[in-house]
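Presented below is the structure to which this report refers.
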Amino acid sequence: MISRITEALFSEPPQETLYHYTSLSGVLGIIGSRTLWASDIRYMNDSAELRHTADLVAREVAERIDSGHSRPQLLTSFLDWVKNRITNGHILFGASFRANGNLLSQWRGYSAVGKGASLGFNPETVSRCAQLQEFRMGRCIYDRHTQQHLIAQVLDAVELLARDIDDGVEREVYHQLFEHLESDLLRLAAILKHPSFEEEQEWRLVSPVISDYRQAAVNFREGRSMLVPYIRFALAVEDHEPVALDHVFLGPTPNISLSMNSMKMCLAKHGIRPIRGIEYCQIPYRQN
């Protein structure tokens with residue numbers, strides 16, 4: 001039942017240019033390696049969506065229990081399991097794209113010192129690369145009513161799954177049952193974002209769910225305060241094919257002309273000629 005939900009949510013292909021905000025160092029790494037680093041979503045800057053999903057489950061559980069649900073132990077066991085598995089369970093790696101490539105909030109996050117760019121990837125190429133690598137692309141959901149409706153369907157699936165189990169069993173019995181839902185629940189959590197992020201119009205690229213990171217191609221990079229697990233996502237279908245960019249925004253910088261020129265030179269050196277060119281963001285650079 002949850003599989004049908006996630007399949008529907010990840011079935012819509014993106015049509016618009018997919019923008020990825022990054023630092024100038026990130027630009028060099030992406031176009032040079034023709035890969036994107038997909039981070040463990042628990043370590044991403046905006047990973048609060050995982051906690052947001054747990055909050056949505058808690059709200060639905062509370063409403064059902066307050067309404068006199070006949071199996072409160074089942075519901076509370078599921079909530080406890082969700083809270084634990086979100087931080088200690090299987091791993092899902094993700095990378096973020098935006099439908100809007102020129103957002104002030106994103107420039108503040110990626111170009112605080114005048115070193116940012118927004119790379120506009122061709123959506124058909126990204127979708128093709130995702131298909132070849134068994135990644136999925138999903139449009140993030142911000143509407144609270146839609147989110148709560150989806151979580152209600154998840155709870156319906158939990159009740160259906162446990163229909164043949166008698167009440168009063170040990171919680172471990174329930175937890176073993178819930179494991180059947182873990183992969184799909186994690187995919188769902190990856191695209192349920194807090195409504196306050198709606199302006200980002202995010203598309204989330206997500207990996208297959210990994211249960212054993214030691215056997216997977218997991219690498220580690222330095223984050224702001226810890227090591228961050230990541231895997232590589234290839235951005236080209238064929239070997240030695242340049243990255244397909246539709247458009248590039250250059251972030252706020254004190255040296256617009258020189259920065260625009262060097263960006264054009266760098267892309268051309270790697271065989272990249274964005275269809276719609278390179279554009280300055282038109283946002284004044286400020287040092288403070």
Side-chain angles (χ1 to χ4, degrees), residues 13-39 44 93-103 106-107 109-111 113-137 200-208 217-222 228 230-283 285:
Q15 302 295 328
E16 63 265 80
T17 299
L18 297 171
Y19 289 94
H20 180 76
Y21 291 80
T22 187
S23 63
L24 294 184
S25 176
V27 170
L28 295 175
I30 290 168
I31 65 175
S33 67
R34 298 179 301 120
T35 63
L36 201 62
W37 289 2
S39 300
M44 294 175 73
F93 293 86
S96 297
F97 297 91
R98 310 286 192 263
N100 189 333
N102 191 15
L103 283 172
Q106 298 302 294
W107 292 128
Y110 290 94
S111 59
V113 291
K115 297 180 180 180
S118 176
L119 302 179
F121 292 93
N122 179 274
E124 293 182 2
T125 301
V126 174
S127 296
R128 177 59 176 156
C129 290
Q131 182 182 24
L132 292 173
Q133 297 169 78
E134 298 184 342
F135 276 63
R136 305 297 298 272
M137 180 73 77
E200 296 177 359
Q201 304 174 52
E202 181 177 349
W203 285 83
R204 176 63 57 82
L205 179 73
V206 297
S207 72
V218 177
N219 302 290
F220 295 86
R221 63 177 176 83
E222 181 181 358
V228 177
Y230 74 91
I231 60 176
R232 297 180 184 274
F233 176 80
L235 289 165
V237 176
E238 302 291 341
D239 290 341
H240 308 299
E241 184 179 63
V243 174
L245 293 180
D246 286 349
H247 186 223
V248 173
F249 275 112
L250 182 67
T253 175
N255 302 295
I256 299 174
S257 296
L258 286 173
S259 295
M260 288 284 288
N261 186 59
S262 60
M263 178 64 75
K264 291 177 182 177
M265 292 171 61
C266 180
L267 294 179
K269 180 72 174 180
H270 288 85
I272 301 172
R273 292 176 174 79
I275 297 172
R276 290 159 47 205
I278 304 172
E279 184 178 354
Y280 185 61
C281 66
Q282 302 300 325
I283 296 175
Y285 173 77

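Note that the numbering runs from 1 along the sequence shown for the chain.
For R276 and T17, the side-chain atoms include at least one donor-acceptor pair closer than 3.5 Å.
Between the NE2 atom in H247 and the CD1 atom in I278 there is a gap of 9.0 Å [rounded to 0.5 Å]. For the atom pair OG1 (T125) and CG (D246), the distance works out to 7.5 Å, reported to the nearest 0.5 Å. Distance check, rounded to the nearest 0.5 Å: CG of L119 to CG of L18 gives 11.5 Å. Atom CG of L245 is separated from atom CG of L267 by 6.5 Å, given to the nearest 0.5 angstrom. Atom CG in N255 sits 12.0 Å away from atom CG in N261 (nearest 0.5 Å). Rounded to the nearest 0.5 Å, atoms CG (L36) and SG (C129) are 10.5 Å apart.
When all heavy atoms of G251 and C281 are compared, the closest pair comes out as C-SG, 3.7 Å. Among all heavy-atom pairs drawn from Y280 and L250, the shortest one is CD1-O, 3.6 Å. Listed here is the closest heavy atom pair of Y21 and G101: OH-C, 2.8 Å. Considering all non-hydrogen atoms of both residues, R221 and S39 come closest at NH2-OG, 3.2 Å. The minimum heavy-atom distance between E241 and R34, with the atom names listed, is O-CD, 3.0 Å. Summarising the geometry of E200 relative to Q106, their closest heavy-atom pair is OE2-NE2, 3.2 Å, with the distance given to 0.1 Å.
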For V243 and H270, what are the C-alpha separation, side-chain angles and deciding distance, and is it a side-chain contact (heavy atoms from CB on, under 4.5 Å)?
CA-CA 8 Å; V243 174; H270 288 85; over 6 Å; no
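Between Y19 and F249, the two ring planes are tilted [angle within 30° to 60°].
Using a 4.5 Å heavy-atom cutoff, the side chains of V126 and P14 are not in contact. Residues Y110 and S23 are not in side-chain contact: their nearest non-hydrogen atoms beyond the backbone lie 4.5 Å or more apart. Residues P123 and P13 are not in side-chain contact: their nearest non-hydrogen atoms beyond the backbone lie 4.5 Å or more apart. With a 4.5 Å cut-off on side-chain heavy atoms, P242 and R273 do not count as touching. Looking only at side-chain heavy atoms (C-beta outward), T253 and L258 stay at 4.5 Å or farther from each other.
Side chain of Q133 to backbone of A234: a donor-acceptor contact under 3.5 angstrom is found. For S259 (side chain) and I256 (main-chain N/O), no donor-acceptor pair under 3.5 Å exists by modelled atom type. A donor-acceptor pair under 3.5 Å links the side-chain atoms of H20 to the main chain of S96, judged by distance alone.
Aromatic pair F93/W37: ring centres not closer than 6.0 Å.
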